[in-house]
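What follows is one structure encoded as structure tokens, with my remarks underneath.
Numbering of residues begins at 1 and proceeds along the displayed sequence.
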Amino acid sequence: MFATLSDRLTATFKNLRGKGRLSEADIDATAREIRVALLEADVALPVVKDFIAAVKERARGAEVSEALNPAQQVIKIVNDELVQILGGETRRLRFAKQPPTVIMLAGLQGAGKTTLAGKLALWLKDQGKQPLLVASDLQRPNAVTQLQVVGERAGVPVWAPEPGNGVGDPVGVARSGVEQAKKQLHDVVIVDTAGRLGVDEEMMRQAADIRDAVSPDETLFVVDAMIGQDAVSTANAFVEGVGFDGVVLTKLDGDARGGAALSVASVTGRPVMFASAGEKLSDFDVFHPERMASRILDLGDMLTLIEQAEKAFDASQAEEMARKLQGKGGKDFTFDDFLQQMQAVKKMGSLKSLLGMLPGAGQMREALDSFDERELDRVQAIIHSMTPAERENPKIINGSRRARIAKGSGTQVSDINQLVERFFMARDMMSQAAKGGGMPGMPGGGGMPGAPGAGGLPAPGGKKSKGKQPKQSKKGKRGARSGNPAKRAAQLAAAEDKRNQEPQQGQLPSAFGGDQSGGGDFELPDDVAEFLKKR
């Protein structure tokens with residue numbers, strides 16, 4: 001959503017690099033570019049004015065003029081001020097001392113309140129809570145049914161005594177929902193309220209009545225991050241009409257400019273508490289102002305990436321994989337382990353969003369935008385088309401086996417060739433990394449093998465690496481076994497006949513069907529030959 005803003009700010013900071021000292025003209029030019037970038041991103045004008053004034057004042061101060069690297073100091077100042085307009089610090093939910101904690105959701109129709117209620121319930125459930133969803137949106141058609149479906153997907157019960165569709169008393173439903181939670185020992189109640197297409201008196205009166213009936217511990221204003229400047233005006237209307245404690249941003253994965261959503265916290269004085277960036281119920285988390293500012297400045301968000309990895313990866317499985325990679329040169333690491341690793345990465349969410357959290361991700365945005373998430377499914381289909389023996393020992397996957405795997409997975413033999421080749425390369429690199437040697441040729445560490453564009457295996461249909469590959473020995477080619485069963489049987493028979501022949505004088509018999517004179521298909525290493533001579 002903030003790609004345009006991020007690109008403009010990154011380009012602005014590039015002009016500062018390499019300057020040992022910043023003049024007044026440099027500061028003014030930088031402030032002007034930042035102002036244009038924020039206005040183009042639809043950030044509210046009062047917020048832009050305050051932001052630019054704060055940046056210019058600090059940029060003219062001692063922290064920049066006396067710095068060894070003034071450009072980096074300006075970036076730090078912009079980062080600090082972005083954190084401030086985003087809320088300053090992370091705001092956590094306040095739970096009631098005497099359960100249940102009542103959370104009321106308010107906002108316009110279409111902001112995503114009902115889906116957000118399910119996401120919040122699932123998040124609380126993962127935190128060890130026992131939430132109850134209350135269907136007080138009796139105005140919108142099928143709103144009650146939608147909440148019941150969402151609650152079932154989240155594994156959270158729903159209190160819905162009224163059918164909705166314009167029938168029932170929403171205030172009475174909210175009040176009875178809190179009583180039901182007390183009876184069934186639910187420690188959190190999430191009340192979903194009705195919205196309208198625009199701010200009107202009836203909606204505000206109903207929301208205020210529900211607020212007075214249930215006395216919520218937290219009232220969250222749900223705002224669609226894609227609605228532009230209306231986000232600010234609507235937020236101000238809710239502050240005056242109902243009041244709220246925090247903001248929840250939805251649809252952060254959209255392609256709108258989104259700057260108005262960033263203005264809500266600064267204009268209303270209420271912090272952004274949660275953010276939703278996807279359609280899945282798990283695409284929801286606490287909003288961290290410092291992390292969002294870091295993403296906007298293309299500095300990455302490694303803390304969120306680490307937290308998601310800790311949730312998706314089982315500690316015992318990770319230790320087992322590390323043990324396999326450290327021993328025997330990583331040869332114990334199989335396609336089954338790789339498949340398990342890939343499935344864990346998929347649990348973390350969209351691969352695009354994961355790679356977008358890496359520092360400098362803005363420089364590869366075009367590649368990320370063109371990446372098809374279904375490529376991982378194709379890799380998974382290829383591995384599922386292998387036999388258990390082939391997954392355990394990929395070296396036995398010869399030509400005929402590759403043809404069968406390609407047919408079973410609906411791919412091409414070339415895709416199988418690429419996958420197997422890259423698997424061995426990635427396994428070797430991960431083995432070196434597990435031993436502390438790092439991954440050669442992979443700056444900044446590696447990635448999960450199989451993640452296209454992440455330093456791992458390319459997905460089927462992807463391009464091979466353009467890096468130089470070691471040339472294959474001609475002798476090795478002649479000695480290789482054919483994938484054709486009949487031809488391979490003939491080769492084995494010929495090799496058996498050669499082994500039965502008496503070695504000529506001055507030559508040592510070779511276990512590979514050749515001799516030590518240099519005329520065979522395989523030459524023994526010098527140390528092995530020397531050992532045999534001693535015997």
Within a strict 4.5 Å, meaning less than it, do heavy atoms of the [X] and [Y] side chains meet?
| X | Y | answer |
| --- | --- | --- |
| T193 | K113 | yes |
| V286 | W123 | yes |
| R211 | P216 | yes |
| L220 | I103 | yes |
| Q109 | Q139 | no |
| V267 | N236 | yes |
| P100 | K182 | yes |
| L108 | D224 | no |

Note to self: I'd like to know if the side chain of T30 and the backbone of D26 have a donor-acceptor N/O pair within less than 3.5 Å.
What the structure shows: yes
Item checked: Under 3.5 Å: donor-acceptor pair, side chain of K125, backbone of V156 -> no
Supply the atom-to-atom distance [X] [atom1] to [Y] [atom2], rounded to the nearest 0.5 angstrom.
| X | Y | atom1 | atom2 | value |
| --- | --- | --- | --- | --- |
| Q206 | E201 | CD | CD | 13.0 Å |
| L132 | L185 | CG | CG | 11.5 Å |
| I34 | L39 | CD1 | CG | 12.0 Å |
| I27 | K56 | CD1 | NZ | 9.0 Å |
| K251 | D283 | NZ | CG | 14.5 Å |
| L120 | L93 | CG | CG | 6.5 Å |

Check: What about the rings of F238 and F244, do their centers lie closer together than 6.0 Å?
Finding: no
Could you tell me which non-hydrogen atom of [X] sits nearest to which non-hydrogen atom of [Y], and how far apart they are?
| X | Y | answer |
| --- | --- | --- |
| V191 | S136 | CG1-OG, 3.6 Å |
| N165 | P141 | OD1-CA, 3.1 Å |
| K119 | S276 | NZ-OG, 2.5 Å |
| A54 | E81 | CB-OE1, 3.4 Å |
| G408 | S385 | C-OG, 3.4 Å |
| T90 | H288 | OG1-ND1, 2.9 Å |

Next item on the list: Test R94 against D245 for salt bridge (charged side-chain N to carboxylate O under 4.0 Å, His left out), laying out the working first.
Entry: CA-CA 10 Å; R94 293 188 299 248; D245 302 297; 3.7 Å; yes
Next item on the list: Check the pair Q84, D80 against side chain to side chain contact (heavy atoms under 4.5 Å, CB included), reporting the backbone distance first and the verdict last.
Entry: CA-CA 6 Å; Q84 290 304 312; D80 292 343; 5.9 Å; no
[X]/[Y] ion pair, N-O < 4.0 Å:
| X | Y | value |
| --- | --- | --- |
| D209 | R175 | no |
| R32 | D28 | no |
| R378 | D415 | no |

Next item on the list: Determine, stepwise, if the pair Q73 / R58 fulfils side chain to side chain contact (heavy atoms under 4.5 Å, CB included).
Entry: CA-CA 10 Å; Q73 285 300 112; R58 291 183 59 183; over 6 Å; no
Margin query: Show, in sequence, the C-alpha distance, side-chain angles and deciding distance for L86 and V272, and conclude whether the side chain to side chain contact (heavy atoms under 4.5 Å, CB included) test is met.
Written below: CA-CA 7 Å; L86 290 171; V272 179; over 6 Å; no
Check: Is the count of non-hydrogen atoms from other residues, nucleotides or ligands lying under 6.0 Å from E279 atom CD greater than 12?
Finding: no
Check: Heavy-atom count around Q412 CD within 6.0 Å, excluding the residue itself: above 12?
Finding: no
Next item on the list: Would you please test V134 and V189 for side chain to side chain contact (heavy atoms under 4.5 Å, CB included) and show each step?
Entry: CA-CA 7 Å; V134 177; V189 178; 3.5 Å; yes
Item checked: Geometric cation-pi criterion, K129 with F95: 6.0 Å, 45° -> yes
